[in-house]
Amino acid sequence: MISNIIDGRESAQILKNNIKKEVSILKNQHDISPKIAVLLVGDDQASNIYVSAKEKQAKEVGIDSIKIKLNKNITQNDLILEIKKLNIDDSINAILVQLPLPKHIDPNEIIFSIDPKKDVDGFHIENVGKLTIGGYNKNKNSIIIPCTALGCAHLIEKIEKNISGKNILIIGSSNIVGMPLSRLLMAKKATVTIANSATKNLKFLCQNSEIIISATGVVNLITKDMVNKNHIIIDVGINRINLKDGKTKLVGDVDFDNIYPIVRAITPVPGGVGPMTIAYLLKNCLELFKNQNNIDIVTKYER
Ligand code: NAD
């Protein structure tokens with residue numbers, strides 16, 4: 001890899017090696033392993049690919065998983081009933097409902113029906129609240145934070161160990177990425193600006209930041225004229241574009257080819273934030289398992 005390109009695959013592999021080690025210690029000490037249930041509603045091709053990748057990587061680190069495939073016409077109430085069964089099933093430590101859901105189902109109703117103690121994505125209002133007010137940890141359990149936000153913070157800290165006082169621009173304010181990431185970075189004393197589709201002066205905001213995280217799904221939103229040699233750029237966007245030869249290609253939000261020669265560090269798409277998101281999903285699954293079994297830190301993680 002070119003030296004200023006942040007290798008997300010490598011960092012994800014290091015994290016997964018640590019998780020695997022911890023899962024194996026727990027198995028030896030207590031003869032138990034974490035188990036995740038993944039609910040997949042309908043036949044969305046991209047969702048199928050994501051779920052298969054999650055299952056495969058869970059297996060690699062010793063986490064058990066079950067996939068529950070549900071018809072795209074399932075009612076919201078029936079889906080909630082499926083989740084409630086998993087909430088009271090002691091053999092399941094983590095529940096993931098693959099998004100997006102069919103239009104007739106309200107994703108918030110589904111997310112809020114998951115027991116917050118099994119909410120591996122960290123999207124439940126109770127977990128969002130704990131992250132938002134910061135440091136609330138009555139039972140000394142780890143707080144479950146959305147995986148993509150954890151992955152972005154990890155990759156930033158690979159380049160800049162101490163982000164206290166840094167000017168960070170997050171573009172995109174969704175509950176999945178921008179919002180939790182802003183709370184996470186603010187807790188580390190960064191000065192965070194959040195832009196969205198109504199923001200008027202994006203170029204100015206980019207030029208006046210030190211770290212840019214783009215999570216919009218807009219191709220080429222960040223161009224050469226917006227960045228400088230001091231910038232760290234984290235590209236969360238995943239966009240499939242059509243090429244002239246009829247093939248397709250995955251790209252992020254950033255005009256990567258024209259920007260990587262200029263900036264201090266940048267994540268590629270694919271191979272940047274994506275692998276970190278899955279690695280942190282597995283880490284969250286392990287944290288839920290430890291919280292439920294009152295198990296403390298088992299091993300120190302290498303970076
Ligand atoms: P979303 O649609 O919920 O939110 C998009 C955000 O971008 C909104 O806040 C919107 O206001 C903002 N936005 C849109 N156009 C903009 C513009 N022109 N200027 C500034 N802001 C703009 O999407 P999401 O779920 O947060 O996902 C965003 C992107 O990140 C998508 O491409 C998605 O596929 C990708 N994603 C990647 C990972 C990963 O692991 N790599 C994980 C989650 C999402």
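First listed ligand is number 1; within each ligand, the first listed atom is number 1. One-based numbering along the sequence shown.
- In T216, the parts holding a heavy atom less than 4.0 Å from any atom of ligand 1 are both the side chain and the backbone.
- Between the side chains of N291 and E287, no donor-acceptor pair of N or O atoms lies under 3.5 Å.
- Scanning the protein heavy atoms around atom 9 (O) of ligand 1, the nearest turns out to be S173 N, 2.8 Å.
- Using modelled atom types and a 3.5 Å distance limit, the side chains of T216 and D253 yield a donor-acceptor pair.
- At the top of the distance list for atom 4 (O) of ligand 1, counting protein heavy atoms only, stands S174 CB, 3.7 Å.
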Report task. Show the numbers, then the answer: is there a salt bridge (charged side-chain N to carboxylate O under 4.0 Å, His left out) between E10 and K158? Result -> CA-CA 11 Å; E10 181 192 57; K158 198 172 160 175; 3.3 Å; yes

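- Atom 2 (O) of ligand 1 is not flagged as protein-proximal [any protein heavy atom, distance under 4.0 Å].
- Looking only at atom types and distance, the side chain of R240 has a donor-acceptor partner in the side chain of T248 under 3.5 Å away.
- Between I238 and ligand 1, at least one pair of N/O atoms sits closer than 3.5 Å.
- For atom 30 (O) of ligand 1, the nearest protein heavy atom (residue, atom name, distance) is V236 O, 3.6 Å.
- Given atom 43 (C) of ligand 1, the protein heavy atom at minimum distance is V177 CG2, 3.8 Å.
- Considering each of L281, V218, N196, I170, the one bringing a non-hydrogen atom nearest atom 19 (N) of ligand 1 is N196.
- Under 4.0 Å from ligand 1, the heavy atoms of I171 that appear belong solely to its side chain.
- Atom 26 (O) of ligand 1 is approached by the protein to below 4.0 angstrom, counting heavy atoms only.
- Closest approach of E210 and G165 over heavy atoms only: OE1-O, 4.2 Å.
- Across I144 and N127, no two heavy atoms sit closer than the pair O-CB, 3.8 Å.
- Remark: ligand 1 and D253 share no N or O pair separated by less than 3.5 Å (distance only, no angle test).
- If you check which protein heavy atom lies closest to atom 29 (C) of ligand 1, you get G217 N, 3.7 Å.
- Those atoms of ligand 1 with a heavy atom of G172 less than 4.0 angstrom away are 6 (C), 7 (O), 9 (O), 12 (C).
- Closest approach of K283 and I19 over heavy atoms only: N-CD1, 3.6 Å.
- Within the listing of ligand 1, atoms 40 (O), 41 (N) sit less than 4.0 angstrom from a heavy atom of G274.
- In this structure, G237 counts as a contact residue of ligand 1, since one of its heavy atoms falls inside 4.0 Å of the ligand.
- Scanning the protein heavy atoms around atom 42 (C) of ligand 1, the nearest turns out to be T148 OG1, 3.3 Å.
- Heavy-atom separations between T199 and ligand 1 are all 4.0 Å or longer.
- The two residues C206 and I171 make their nearest non-hydrogen contact at SG-CD1, 4.3 Å.
- The shortest non-hydrogen separation linking L26 to L286 is CD1-CD1, 3.6 Å.
- Closest to atom 40 (O) of ligand 1, if we only count protein heavy atoms, is T277 OG1, 2.7 Å.
- Under 4.0 angstrom from ligand 1, the non-hydrogen atoms of L221 all belong to its side chain.
- Defined by atom type and a distance below 3.5 Å, a donor-acceptor pair is present between the side-chain atoms of T223 and D225.
- With hydrogens left out, the protein atom closest to atom 10 (C) of ligand 1 is S197 N, 4.0 Å, a heavy atom.
- Using modelled atom types and a 3.5 Å distance limit, the side chains of K118 and Q292 yield no donor-acceptor pair.
- Side-chain N/O atoms of S142 and K290 include no donor and acceptor closer than 3.5 Å.
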